[in-house]
Amino acid sequence: MQQQRRTRAEMIEETRAKLVATARRAFATQGFAHTSMDDFTAAAGLTRGALYHHFGSKEGLLIAVIEQVEAEVGERLQAVSDAAPSPWEGFRRRCRTYLELALEPEIRRIILQDARAVFGDVPQAAQSVGIAALQASLDGLIAEAAVAPLHTGVTARMIYGAVTEASFWIAETDGDHEARLAQALEGLERLLGGLRIR
């Protein structure tokens, strides 16, 4: 009996993973608005009913895709931070890398264009993870006297907001993405420089 339950759970997970992977490819290349549910469910070898059963709607599936992409972004940012020669440099590189990711077509389309167009912003869960990571970094930097004492909760939110809004701006369809990235990185350096104890 337990073996059957596990098999059913595995089948459910496999179906969900197939839908997310197929939708992710479709959203990245065609955009959310231009992706046909019938086309990508057929590409996954599934039905529209499977999509509704597992995600409730096309928007529910987009949330699952966003969560997957954001989790990968979080891992990449942590790896960049961990590889830096100092905690300050790790914090700085984490913020810079987030801006640089706005040039990646999949992230630009799914996270920075479609998420905002459909939901008005990145889902709250993704925001909370990003803010918590920044706050933890700031707490560590204050503990080692690299940053002057301040309220890390609000400062993390302010930095997250600035970097996220700059990323949305870099990703706008009518802009020069490379030039905007350069301008955003310059602004970020001035913003972060004000936190350091010299």
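- Using modelled atom types and a 3.5 Å distance limit, the side chains of R94 and Q78 yield a donor-acceptor pair.
- No donor-acceptor distance shorter than 3.5 angstrom exists from the side chain of R48 to the backbone of M37, with no hydrogens or angles considered.
- Side-chain contact between F32 and E59 is present, with at least one heavy-atom pair separated by less than 4.5 Å.
- Rounding to the nearest 0.5 Å places CD1 of I107 at 8.0 Å from CD of E70.
- In this structure, the side chains of M158 and V154 come closer than 4.5 Å at one or more pairs of heavy atoms.
- Under 4.0 Å is where a charged nitrogen must lie from a carboxylate oxygen, and between R190 and E186 at least one such pair does.
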Before giving the answer on side-chain contact (heavy atoms from CB on, under 4.5 Å), spell out for L141 and T152 the whole-Å C-alpha distance, their side-chain angles and the decisive distance to 0.1 Å. CA-CA 10 Å; L141 291 167; T152 57; over 6 Å; no
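- At a threshold of 4.5 Å between non-hydrogen side-chain atoms, the residues H54 and L61 do not count as touching.
- Rounding to the nearest 0.5 angstrom, the gap separating the CD atom in Q135 from the CD1 atom in I159 is 10.5 Å.
- R92 places no side-chain N or O within 3.5 Å of a backbone atom of L188 that could act as its donor or acceptor partner.
- At least one side-chain heavy atom of L101 sits less than 4.5 Å from a side-chain heavy atom of R76.
- When every heavy atom of A171 is checked against every heavy atom of L112, the shortest pair comes out as CB-CB, 3.6 Å.
- In this structure, Q113 CD and T173 OG1 are separated by 6.0 Å, a value rounded to the nearest 0.5 Å.
- Taking each heavy atom of H177 and I170 in turn, the nearest pair found is ND1-O, 2.6 Å.
- Looking at every heavy atom in both residues, D38 comes nearest to T41 through O-OG1, 3.2 Å.
- For the pair S81 (side chain) and L77 (backbone), a donor-acceptor distance under 3.5 Å is absent.
- Going from atom CD1 of I197 over to atom CD of E144 covers 10.0 Å, rounded to the nearest 0.5 Å.
- Taking R16 as the reference, nothing meets the side-chain hydrogen bond (donor to acceptor under 3.5 Å, both in side chains) condition, with sequence neighbours excluded.
- The aromatic rings of Y160 and Y98 sit tilted relative to each other, their planes meeting at an angle between 30° and 60°.
- Residues I12 and L51 fall into different hydrophobic clusters, defined by Ile, Leu, Val, Met, Phe, Trp and Tyr side chains chained together at heavy-atom separations under 4.5 Å.
- A distance of 11.5 Å separates CG of D82 from CD of E75, quoted to the nearest 0.5 Å.
- With a 4.5 Å cut-off on side-chain heavy atoms, L195 and F91 count as touching.
- Considering only heavy atoms from C-beta on, F55 stays 4.5 Å or farther from L62 through its side chain.
- There is no path of hydrophobic side-chain contacts, each under 4.5 Å, that joins V163 to V129.
- Taking both residues in full, the closest heavy atoms of A64 and V20 are given as CB-CG2, 4.0 Å, listed atom of the first, atom of the second, then distance.
- In this structure, CG on L138 lies 11.5 Å from CD1 on I131, to the nearest 0.5 angstrom.
- Of the possible polar contacts, none joining the T22 side chain to the L19 backbone as a donor-acceptor pair under 3.5 Å is found.
- In plain terms, the two heavy atoms of L134 and A156 that are nearest each other are CD1-O, 3.7 Å.
- Taken together through direct or relayed side-chain contacts under 4.5 Å among Ile, Leu, Val, Met, Phe, Trp and Tyr, L192 and V80 form parts of separate hydrophobic clusters.
- Here the closest non-hydrogen pair linking L99 and A166 is CD2-CB, 3.6 Å.
- A salt bridge does not link E100 to R93: none of the charged side-chain nitrogens sits closer than 4.0 Å to a carboxylate oxygen.
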